[in-house]
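In listed order, ligands and their atoms are each counted from 1. All residue numbers in this chain count up from 1 along the given sequence.
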Amino acid sequence: MQISGSIKETRNQVKSWKEEGLKVGLVPTMGYLHEGHKSLIDRARAENDRVVVSIFVNPMQFGPGEDLEAYPRDLERDSKICEEGGVDLIFHPEVEEMYGPDFHGFVDMTVLPEKLCGASRPVHFKGVQTVVTKLFHIIPAHRAYFGQKDAQQLAIIRRMVIDLDFDIEIIGCPIIRETDGLAKSSRNTYLSEEERKQAVILNASLEEAMKAIEEGEQDAAAIKAKITEKLNTCPLARIDYVEVVSFDNIQPIDKIEGAVLIAIAVYIGTTRLIDNRIIM
Ligand code: PAF
């Protein structure tokens with residue numbers, strides 16, 4: 001397995017694989033890999049001849065006062081996980097390699113980034129779209145793998161690839177959960193023992209919503225109320241948002257029909273966690 005911090009070297013390697021007729025899969029990450037990332041690597045491994053994992057904590061997607069400095073990093077551990085997962089190349093650039101001193105460019109979009117996480121993290125998706133665009137240019141893979149846990153991010157990247165004519169297939173992969181249902185996330189490491197116990201409320205509230213939908217509830221407001229009520233039973237939970245939107249354009253809907261995203265963001269103590277269900 002190669003590890004490169006160089007844009008030029010990485011691009012040349014991927015180009016030469018493609019010239020040999022090999023299929024290349026990309027798994028973009030910010031590192032501190034967990035089971036969720038491993039499932040993306042496994043899927044990429046199964047569907048491609050070569051797998052590239054990018055590990056880059058992208059400063060552009062963190063707003064002022066967010067956890068950029070505290071964001072967990074462990075390249076040695078990540079490299080081991082990648083090696084075991086059969087990754088061929090890790091792209092691990094320094095910030096200066098990605099954003100030179102005169103960097104002024106960015107990629108943005110209207111509508112999709114405005115609600116849900118975009119409402120409380122106004123610069124976040126602009127940073128995500130910019131870095132993902134750069135990664136797609138540096139690593140011109142055939143397929144790129146993203147987790148459905150970041151459902152709004154997935155919807156935005158799918159839209160961006162269509163709107164801006166990127167020649168890459170976007171694959172959304174299921175959420176990987178702890179045995180008690182908590183969605184795996186690098187941010188779970190911030191939780192104290194008591195917070196970790198109470199964090200199961202996110203998945204539990206979504207489970208109740210899904211049960212109600214299976215039993216015939218179609219009113220989006222009733223589903224939101226059910227989730228909110230359940231979350232409010234948890235003393236350490238503070239709701240950022242509970243939303244029922246179209247998965248295609250991230251706009252609120254009244255009725256559960258078509259592709260639907262039920263998305264929640266909740267502070268457990270000071271840690272902001274997200275979870276969702278996508279109904280297709
Ligand atoms: O989902 C993430 O880890 C990041 O937002 C991504 C897509 C790697 C861009 O920095």
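Side-chain atoms of Arg177 never come within 3.5 Å of backbone atoms of Leu182 as a donor-acceptor pair (strictly under, hydrogens ignored).
For Leu135, no heavy-atom contact with ligand 1 is shorter than 4.0 Å.
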Please report, to 0.1 Å, the donor-acceptor pairs under 3.5 Å made by any side chain of residues 100-120, with sequence neighbours excluded.
from: Glu114; atom 1: OE2; to: Val111; atom 2: N; distance (Å): 3.0
from: Ser120; atom 1: OG; to: Asp240; atom 2: OD2; distance (Å): 3.0
from: Ser120; atom 1: OG; to: Arg272; atom 2: NH2; distance (Å): 3.3

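Shown here are the ring-ring contact (aromatic ring centres under 6.0 Å, His included) partners of Phe62, two or more places apart in sequence or in another chain: Tyr71.
On a distance-only criterion, Gln153 and ligand 1 share at least one N/O pair closer than 3.5 Å. Between Gln61 and ligand 1, a contact under 3.5 Å exists for at least one N or O pair.
Ring-plane geometry between Phe166 and Phe136 is classed as perpendicular, the angle between the planes exceeding 60 degrees on a 0 to 90 degree scale with a lower cut at 30.
Numbered from 1 in the order shown, with element, the atoms of ligand 1 that lie under 4.0 Å from a heavy atom of Thr29 read 8 (C). Annotation for ligand 1: atoms under 4.0 Å from non-hydrogen atoms of Val131 are 9 (C), 10 (O).
Looking only at side-chain heavy atoms (C-beta outward), Val131 and Gln61 come within less than 4.5 Å of each other.
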